[in-house]
Amino acid sequence: MNLLKRDVHASFNLNSSYENSCFDITTALSEKQFKEQHMPTTPSSNVLQFGKSHLHKDKIEKTIDSVSTPSRGDVFKNPFKCALSPIGNWDSPNQKRRENSVESISFDVASSYKNDLHPSLAENVVSLQKKSSNNKLQLGSPLSLVLQNKNVNRALKNVCFDSNIVTRGSRNSPSISSQIMNKGITLQPGKWRKSLNTWRRTQSLPSGNPTKLNGDYESERKVSLTVAAHRKSISCRKHSSSEPTKTNFKRQLLGRCNQSHVLRFESAYSDPYLECCEKIGEGAFGEVFLYKSPTQKEADNVVLKIIPIEGLQLVNGEIQKTYEQILQEVVISMELCALGHENRGISFANGFVNIQAVKCVKGHYPAHLQKLWEEYDDRKESENDHPQCFMSDQIYVVLEMAFSGKDMEKFIFKNAEQSYYALQQIVFALAVGEMVYEFEHRDLHWGNILIATTNEKYICYKLKNQVISLPTKGVKATVIDYTLSRITYGDCCYYNDLSLDKDLFAATGDYQFDIYRMMRDILNDKWETFEPKTNVFWISYIISKLLNNVKYKNNRTKLHLEYIKKLRTLESTILSYKSCMDFAMNLIMDI
Ligand SMILES: Nc1ncnc2c1ncn2[C@@H]1O[C@H](COP(=O)(O)OP(=O)(O)OP(=O)(O)O)[C@@H](O)[C@H]1O
């Protein structure tokens, strides 16, 4: 089936699952044949529109809860950036678009809006058809909006629209292109939380009552937000001295920060310091800035991940983390980082991000960081809320880290030999984490693995007193983002209880989303449990990314093909291992 699947046009292979495919794989159609059979010449209400193509939506209904097979990225010459979705970044050969060019977005007849025209939308509309005189979008009519390309994402995230709409994402805004399905949630691979929030923001309005959000969804969402607010992240043995109270969590956090009280933002970070920063990334929970040291030494640069906590206001569609929930991330980050110290006993590994300091601060978001946020938004279209939304009593935790390179998703490997050794680095790091802390990452998608080039020839690990010297082949891999991770530390288990996070388990669109279901099944939905097989699941996902999706500079050399073959062998055996430790022991024999 995998072989046959390679011949299915990526663009129409809406879900990577064979069983979810709406096509008869055995009679895979050419694109031309498909268009003739499935695309009407005139759009109708039953047609999902994007760009100039139309697909019948009944052709793309699908089921969930199945295991996907990752599709081969090299089948077509990347007609869509995301191999799994037709709604991704498509650069048609005949339709050259420039950044900031005018882009047309069509909505189907069932479209309806909750709000008045949002100011940011109104600002950017070049032409709007079917707009009523009171400046409200007319409900139940076909709409055609023409927006400045770069503002599409920002504008659309402020409106609620119908579940039957599919919007075409602009070049730089893949996640707005998440598909909205009746029976499942198709998310963009990688940073799922942002993609999921985009989906939530676009939840359906019932056609009979277009002024009100879908009641069922709204109440479900309220429940899930309440759950998130009370989500357990730390579970201690009965006799533990650390009684789980909010005051205690705050005290423990301040202890980790080496602070006796919460500092004012401006006293922890002066204006001249912030003026040396630039925004380099964002997650659902935090904005990420890089402080570039005036010494011009790379080692003096600092990455600042700023996470608002304890406030009542939703940020990027999420409830802010509590002291307890951020403590989970802080403890895990600091303990894993400490595994990198070579003199620390029988095990060490430095594949975990280097945490240099943690600070707890309070106040308005500094004006200069707001400016940097806006510059980033102009350049890359932020999916996050503008930080001007924070009040003067907002509390933040700032993680100060070493700069660790580019997301694997964006990194260009020299060849598969290099990616094969990067994979081994991740396996050894996870194996040491399992050994020392019963660590499971639980969200190791390719946005959470950073890759940097290095001049070091070897990288050392110590596993069960055995020193392993692994060739780097010029790259260093670092694991980040422990939001969903789990460790046992002291008398307590630090984890993230996902048992009520229904939306995540309904997601499809990439092998990544099967992994969450596979984890839930093996853990029996008991997220405190230590089950290192979850790390093996993520390694299996990474292997599939290395084979099918990452970019290679030299992909025709003998060396590349030799290592692709090795990766394929791993792909077929990886799920037989019990843990990364088990897998690492096997790899040691080959080193
Ligand atoms: N140490 C680092 N070095 C370089 N870039 C980093 C570093 N830490 C974070 N980043 C960048 O910032 C982005 C967001 O960081 P991170 O994944 O930690 O945020 P998050 O809010 O936890 O994300 P999520 O939405 O997955 O919960 C990363 O994808 C990466 O591009």
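Here the structure is a predicted model, which is why all the values come from computation and not from measurement. In each ligand, atom 1 is the first atom listed, and ligand 1 is the first ligand listed. Only this structure's heavy atoms are used, side chains among them; waters, hydrogens and symmetry mates stay out.
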Any nitrogen or oxygen of E282, side chain or backbone, less than 3.5 Å from one on ligand 1? no
At a 4.0 Å threshold, what atoms of ligand 1 neighbour a non-hydrogen atom of G405? 4 (C), 5 (N)
Determine, considering heavy atoms only, which of N316, D481, V353, T478 sits nearest to atom 26 (O) of ligand 1. D481
Within-cut-off N or O pair, V288 and ligand 1, under 3.5 Å: no
The atoms of ligand 1 lying under 4.0 Å from a heavy atom of A284, numbered in the order shown, are 21 (O), 23 (O), 24 (P), 25 (O)
Option set L290, L450, I355, criterion heavy-atom distance to atom 6 (C) of ligand 1, minimum: L450
Going from NZ on K279 to CG on D377, what distance comes out if it is rounded to the nearest 0.5 angstrom? 7.5 Å
Evaluate S404 for polar contact with ligand 1, using N/O atom pairs at a separation under 3.5 Å. yes
Below 3.5 Å, N or O to N or O, backbone or side chain included: is there any such pair between K305 and ligand 1? yes
Just list the side-chain donor-acceptor pairs under 3.5 Å for residues 450-460, sequence neighbours left out, or say none.
residue : atom : partner : partner atom : Å
T454    : OG1  : E456    : N            : 3.0

Working for side chain to side chain contact (heavy atoms under 4.5 Å, CB included), residues F428 and I468: CA-CA 9 Å; F428 279 103; I468 300 118; 4.0 Å; yes
Hey, what's the ring geometry for H386 with W373, parallel, tilted or perpendicular (30° and 60° as the breaks)? tilted
With nothing but distance in play, are any N or O atoms of A402 less than 3.5 Å from an N or O of ligand 1? yes
Of the backbone atoms (N, CA, C, O) and the side-chain heavy atoms from C-beta on, which set of N448 has a member under 4.0 Å from an atom of ligand 1: side chain, backbone, both, or neither? side chain
Is the CD1 atom of I522 crowded by more than 12 outside heavy atoms at less than 6.0 Å? yes
Using a 4.0 Å cutoff against the non-hydrogen atoms of M401, which atoms of ligand 1 qualify? 1 (N), 8 (N)
For F403, atoms of ligand 1 separated by under 4.0 Å from a heavy atom: 3 (N), 4 (C)
Please identify which atoms of ligand 1 are closer than 4.0 Å to at least one heavy atom of G447. 29 (O)
Verify salt bridge (charged side-chain N to carboxylate O under 4.0 Å, His left out) between D510 and K545, making sure each step is shown before the conclusion. CA-CA 10 Å; D510 193 80; K545 283 284 170 240; 2.9 Å; yes
What atoms of ligand 1 come closer than 4.0 angstrom to any heavy atom of G286? 21 (O)
Do the cysteine sulfurs of C236 and C492 sit under 2.5 angstrom from one another? yes
Side chain, backbone, both or neither: which applies to I280 and ligand 1 if a contact is any heavy-atom pair less than 4.0 Å apart? side chain
Close aromatic pair by centroid cut-off 6.0 Å: F413 and F411: yes
salt_bridge(E282, K380) N-O dist < 4.0 Å: no
Name the atoms and distances for all side-chain donor-acceptor pairs under 3.5 Å in residues 397-407, with sequence neighbours left out.
residue : atom : partner : partner atom : Å
E400    : OE2  : Y269    : OH           : 2.5
E400    : OE2  : K359    : NZ           : 3.0
S404    : OG   : A402    : O            : 3.1

Between N448 and H441, is there a side-chain heavy-atom distance shorter than 4.5 Å? yes
Just jot down the ligand 1 atoms closer than 4.0 angstrom to any heavy atom of F285, in number order. 21 (O), 27 (O)
May I ask you to list the atoms of ligand 1 that are less than 4.0 angstrom from any heavy atom of V303? 2 (C), 3 (N), 7 (C)
